[in-house]
Amino acid sequence: MEFILPILAYLIGSVPFALVVGKLGYGVDIREHGSGNLGGTNTFRTLGAKAGLMVTIGDILKGTLATALPFLFDANIHPLLVGLFAVIGHVYPIFAKFKGGKAVATSGGVLLFYNPVMFLFLVLCFFIALYISKYVSLSSMITGVFLFVYTLFLGDLVLIIVAVFLALFVIIKHRANIQRIMKGTEPKVTFFNKRKRT
C-alpha cells in the first residue's frame, strides 16, 4: 500500500479542474487563453470569479485528499511525502499532457490537512502581500518564503524539508512572472481598487 499511495496521490493531483470547469461549464479550453496555465489565477482572469473560485477550491482539496490517504488506508508512510506527489501531479498532470498549474493551491491543500493553523496563517500572509503588491505571483512566492520561516519554529524536520521543496517549486514555476514583474508587464489584480471607488 505504501507504494500505491504516491501513485494514487499523483493521479488525484493530475485532475485538471481548470480544464474541466472551463470546458464543461463554459465551453472554453483555458489553455488557449490568458497565460495558458491550468490554475486558479488564469481561470479567474479568463472566466471570472465563480469559475476561478471553483478551480482554486478543487485544486486545494486535491492536496488535502492526497495528504489524507495514509490515514484513510492506515498506511505507514508520512502524509507530507504522499501530498508532494499530488503537487507534482498538479504541475505535471498526466491527464493534461503534463502541463498544469504552478503548485500554489495544491501545496496549500497539503498544508491544510497537515497543519490547519499554519495554512490559515499562510492564507493571511498571501492576502496581505496581495493587498500591498497587487501581484498574485509575487504574493505566492512571498507566502512560500513565509512557509519556510514558519516551519523553522515548529521543529518538524520532514515539514521543513517539504517546505523548502514547495517554496522552491513555487518560485521556479514563477520564473516568467518574475521577469514580467521586473519589466512592469505582469498583470495586477484590480478588485482592491474597485472597492476603494465605491
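- Contact between G63 and A86 at its shortest, heavy atoms only, is CA-CB, 4.3 Å.
- Taking CZ from F148 and CG from L159, the interatomic distance works out to 11.0 Å, rounded to the nearest 0.5 Å.
- Under the 4.5 Å side-chain heavy-atom criterion for grouping Ile, Leu, Val, Met, Phe, Trp and Tyr, V117 is connected to L122 within one hydrophobic cluster.
- In this structure, CG in N115 is found 12.0 Å from OG1 in T67, a value given to the nearest 0.5 Å.
- Screening residues 94-105 for side-chain hydrogen bond (donor to acceptor under 3.5 Å, both in side chains), with sequence neighbours left out, gives K102-N177.
- Under the 3.5 Å distance criterion, the side-chain polar atoms of N42 are matched with a main-chain donor or acceptor of N37.
- Within the model, atoms CD of E2 and CD1 of I77 stand 6.5 Å from one another, a figure rounded to the nearest 0.5 Å.
- When the side chains of ILVMFWY residues are joined at heavy-atom separations under 4.5 Å, either directly or via intervening members, L80 and Y150 end up in a single hydrophobic cluster.
- For T64 (side chain) and G109 (main-chain N/O), a donor-acceptor pair under 3.5 Å exists by modelled atom type.
- Between I142 atom CD1 and I171 atom CD1 the span is 10.0 Å, to the nearest 0.5 Å.
- Contact between V87 and A103 at its shortest, heavy atoms only, is CG1-CB, 3.7 Å.
- Residue I94 comes nearest to Y10 through the heavy atom pair N-OH, 3.3 Å, listed as atom of the first residue, atom of the second, then distance.
- Between the side chain of S139 and the backbone N or O of L130, at least one donor-acceptor pair lies under 3.5 Å.
- Listed by first then second residue, pairs satisfying ring pair (Phe, Tyr, Trp, His ring centres under 6.0 Å) with a partner in residues 62-92 read F71-F113, H78-Y114, not counting sequence neighbours.
- Minimum heavy-atom separation, H174 to S137: CD2-CB, 3.5 Å.
- Cation-pi check for K23 over Y26 is not met; the charged atom does not lie both under 6.0 angstrom from the ring centroid and within 45 degrees of its normal.
- Pairing each heavy atom of A163 with each of T151, the nearest pair is CB-CG2, 3.7 Å.
- Side-chain heavy atoms closer than 4.5 Å link hydrophobic residues (I, L, V, M, F, W, Y) into clusters, and following such links, even through other members, never connects V162 to L168.
- Here the side chain of T56 pairs no donor or acceptor atom with the backbone of G40 at under 3.5 angstrom.
- Looking at E186, its side chain never comes within 3.5 Å of a backbone N or O of R180 through a donor-acceptor pair.
- No more than 12 heavy atoms of other residues, nucleotides or ligands sit less than 6.0 Å from atom CZ of F146.
- Closest of all the heavy-atom pairs between T43 and I30 is CA-CD1, 3.9 Å.
- Aromatic pair F169/F165: centroids less than 6.0 angstrom apart.
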